[in-house]
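Indexing begins at 1, ligand by ligand and atom by atom, following the structure's order. Everything numeric in this text was worked out from a predicted model, so none of it was measured.
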Amino acid sequence: MNRFENKIALITGSTQGIGAACALRLASEGADIILNGRKYDERAEGLINQITAMGRRATFIAADVSASADVVKLIGDAIATYGTLDILVNNAGVEKNHNFWEVTEEEYDFVMDTNLKGIFFGIQAFVKYCMGAKREGVVVNMSSVHEEIIFPHFAAYCASKGALKMLTRNLATELAPLNIRINNVAPGAISTPINQSLMANPELLNNVLKNIPMKKLGKPEDVAAVVSFLASADAAYVTGSTYFVDGGLTYHYEEQ
Ligand code: NAI
Ligand code: BGC
């Protein structure tokens, strides 16, 4: 199914994990892809080869999306690459495991600048482009179940994802007259490098699985499938929502 014929998609933080799966999924449905990460490496090269083998175009643009000037430049460079930009997937994100009382300002800024500030100004640059070019656009933000539920020892992370929830709710209304849709995808526990220490610790993993009705971690491809839906015209009447991809984690409750 070529839902993204003649569409150009930028996915931030896309050389591994969920971002890489989104890049491959959108390419498999016809999109040309702008990959992003802090620097070019063999993973970027491998993805470019895979996407090119699908008959799609792919380019990597290095940018640190936690710096607003860099993210604005990234959007401009992405538009310049293939002449336009249709889909922005704000996937890059970071987390820090700390007791609340030990979090430093530097660690707080690291999380908030990547997971919120960069996304805010990246969307703003994309919206200005869409307005100027009189084009419609689609934004999908990689949020988390922790835009909704707590995650002790990850206070800054939860604050960033909670803010992303409200940013999306707010922008959906403000951007609808411009024909720009915006939605969040909220993954639960997904097997990616961000969960390396969890996956290497059977006891901790078992505790996490107790919270998941489907009793398994999700795959990056499970998340990419929902991103692809939201980015496509199949979701033409969907804006301001969060789609949970969590094996039932968020609304889980059982007594025995
Ligand atoms: P990951 O750590 O495997 O991948 C994140 C990617 O973003 C990495 O390639 C990293 O280099 C890149 N990145 C980080 N900061 C960046 C920056 N300043 N500039 C450019 N690139 C940067 O993590 P994963 O799991 O693929 O996470 C992707 C998104 O999904 C994140 O926003 C995360 O919060 C979210 N998420 C992940 C879940 C999981 O269980 N894996 C669950 C819920 C949400
Ligand atoms: C975090 C993961 C965690 C998952 C479920 C995500 O937002 O990045 O580390 O496993 O939520 O708690």
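Side-chain atoms of Asn206 never come within 3.5 Å of backbone atoms of Leu209 as a donor-acceptor pair (strictly under, hydrogens ignored). At distances below 3.5 Å, at least one donor-acceptor pair connects side-chain atoms of Tyr82 with backbone N or O atoms of Ala58. Between the side chain of Lys215 and the backbone N or O of Lys210 there is at least one donor-acceptor pair closer than 3.5 Å. Between the side chain of Asn2 and the backbone N or O of Phe4, no donor-acceptor pair lies under 3.5 Å. For His252 (side chain) and Pro213 (main-chain N/O), no donor-acceptor pair under 3.5 Å exists by modelled atom type. For Ser191 (side chain) and Gly218 (main-chain N/O), a donor-acceptor pair under 3.5 Å exists by modelled atom type. Side-chain atoms of Arg181 come within 3.5 Å of backbone N or O of Val238 as a donor-acceptor pair. Asn91 contributes a side-chain N or O that, together with a main-chain N or O of Gly13, makes up a donor-acceptor pair within less than 3.5 Å.
Every atom of ligand 1 is numbered from 1 in the order shown, and the set under 4.0 Å from a heavy atom of Thr15 is 9 (O). Distances below 4.0 Å separate heavy atoms of Pro193 from the following atoms of ligand 1: 3 (O). Within ligand 1, the atoms closer than 4.0 Å to a non-hydrogen atom of Val94 are 14 (C), 15 (N), numbered from 1 in the order shown. Distances below 4.0 Å separate heavy atoms of Asp64 from the following atoms of ligand 1: 17 (C), 18 (N), 19 (N). Short contacts between ligand 1 and Gly17, defined as distances under 4.0 Å to a heavy atom of the residue, involve ligand atoms 26 (O). Interface of Ala92 with ligand 1, defined as ligand atoms under 4.0 Å from a residue heavy atom, comprises 7 (O), 13 (N), 21 (N), 22 (C), 32 (O). Shown in contact with Ser144 at under 4.0 Å from a heavy atom are these atoms of ligand 2, numbered in order with element: 6 (C), 7 (O), 11 (O). In summary, the atoms of ligand 2 found under 4.0 Å from a heavy atom of His146, numbered by their order in the structure, are 4 (C), 5 (C), 6 (C), 7 (O), 11 (O), 12 (O). Within the listing of ligand 1, atoms 40 (O) sit less than 4.0 angstrom from a heavy atom of Ala189.
Glu255 and Tyr253 share a side-chain donor-acceptor pair at under 3.5 Å. Using modelled atom types, one finds a donor on one side chain and an acceptor on the other under 3.5 Å when comparing Tyr129 with Thr84.
Scanning all protein heavy atoms for the shortest distance to atom 19 (N) of ligand 1 gives Val65 N, 3.0 Å. Among all non-hydrogen protein atoms, the one lying nearest atom 5 (C) of ligand 1 is Gly93 O, 4.1 Å. Residue, atom and distance of the protein heavy atom nearest to atom 30 (O) of ligand 1 are Met142 CG, 3.2 Å. When hydrogens are left out, the protein atom nearest atom 9 (O) of ligand 2 is Asn195 OD1, 2.7 Å; that is the closest non-hydrogen contact. Considering only non-hydrogen protein atoms, atom 4 (C) of ligand 2 sits nearest to Gly188 O, 3.5 Å. Atom 8 (O) of ligand 2 has its closest protein heavy atom at Glu95 OE1, 2.5 Å. Looking only at protein heavy atoms, the nearest one to atom 3 (O) of ligand 1 is Gln16 NE2, 2.7 Å. Of all protein heavy atoms, the one closest to atom 23 (O) of ligand 1 is Ile194 CB, 3.5 Å. For atom 6 (C) of ligand 1, the nearest protein heavy atom (residue, atom name, distance) is Gly13 O, 3.4 Å. Among protein heavy atoms, the minimum distance from atom 10 (C) of ligand 1 is reached at Arg38 NH2, 4.0 Å.
For atom 44 (C) of ligand 1, the nearest non-hydrogen atom from the set Ala67, Ala186, Cys22, Ser143 belongs to Ser143. Within the set Leu217, Thr12, Val89, Asn91, the minimum heavy-atom distance to atom 29 (C) of ligand 1 is found for Asn91. The closest non-hydrogen atom to atom 20 (C) of ligand 1, taken over Ala63, Ala21, Ser14, comes from Ala63. Comparing Ile18, Thr192, Ile190 by heavy-atom distance to atom 37 (C) of ligand 1, the nearest is Ile18.
Residue-to-ligand polar distances place Gly188 within reach of ligand 1: an N/O pair is separated by less than 3.5 Å. The distance criterion of under 3.5 Å between nitrogen or oxygen atoms is met by Tyr157 with respect to ligand 1. Ligand 1 has no N or O atom lying under 3.5 Å from any N or O atom of Val145, backbone or side chain.
Residue-level proximity to ligand 1 for Asn195 is carried by the side chain, the only part with a heavy atom below 4.0 angstrom. Proximity of Lys161 to ligand 1, defined as any heavy-atom pair under 4.0 Å, is confined to the side chain (atoms from C-beta onward). Contacts between Pro187 and ligand 1, counted as non-hydrogen atom pairs separated by less than 4.0 Å, involve both the backbone and the side chain. Contacts with ligand 1 closer than 4.0 Å are made by side-chain heavy atoms of Asn36 only, the backbone lying farther away. For Lys161, no heavy-atom contact with ligand 2 is shorter than 4.0 Å.
Taking CD from Glu29 and OG from Ser228, the interatomic distance works out to 3.5 Å, rounded to the nearest 0.5 Å. The OG1 atom of Thr104 sits 8.5 Å away from atom CG of Asp109, with the distance rounded to the nearest 0.5 Å. Here CD1 of Ile51 is found 12.5 Å from CZ of Arg57. Values are rounded to the nearest 0.5 Å. The line from CD1 of Ile182 to CG of Leu167 is 5.5 Å long, rounded to the nearest 0.5 Å.
None of Lys161, Lys96, His98, Glu95 except one satisfies the side-chain contact (heavy atoms from CB on, under 4.5 Å) rule with Val111; the exception is Lys96. Residue Asn90 forms a side-chain hydrogen bond (donor to acceptor under 3.5 Å, both in side chains) with just one option from Asn184, Thr168, Asn141, and that option is Asn141.
A salt bridge between Asp32 and Arg56 is present, with a side-chain N of the basic residue lying under 4.0 Å from a carboxylate O of the acidic one.
The nearest pair of heavy atoms linking Ser160 to Met112 is CB-SD, 3.6 Å. Nearest heavy atom pair, residue Ala225 against residue Arg25, reads CB-NH1, 3.5 Å.
Not a single heavy atom of Phe154 sits less than 4.0 Å from an atom of ligand 2. In this structure, Arg43 falls outside the shell of residues with a heavy atom less than 4.0 angstrom from ligand 1.
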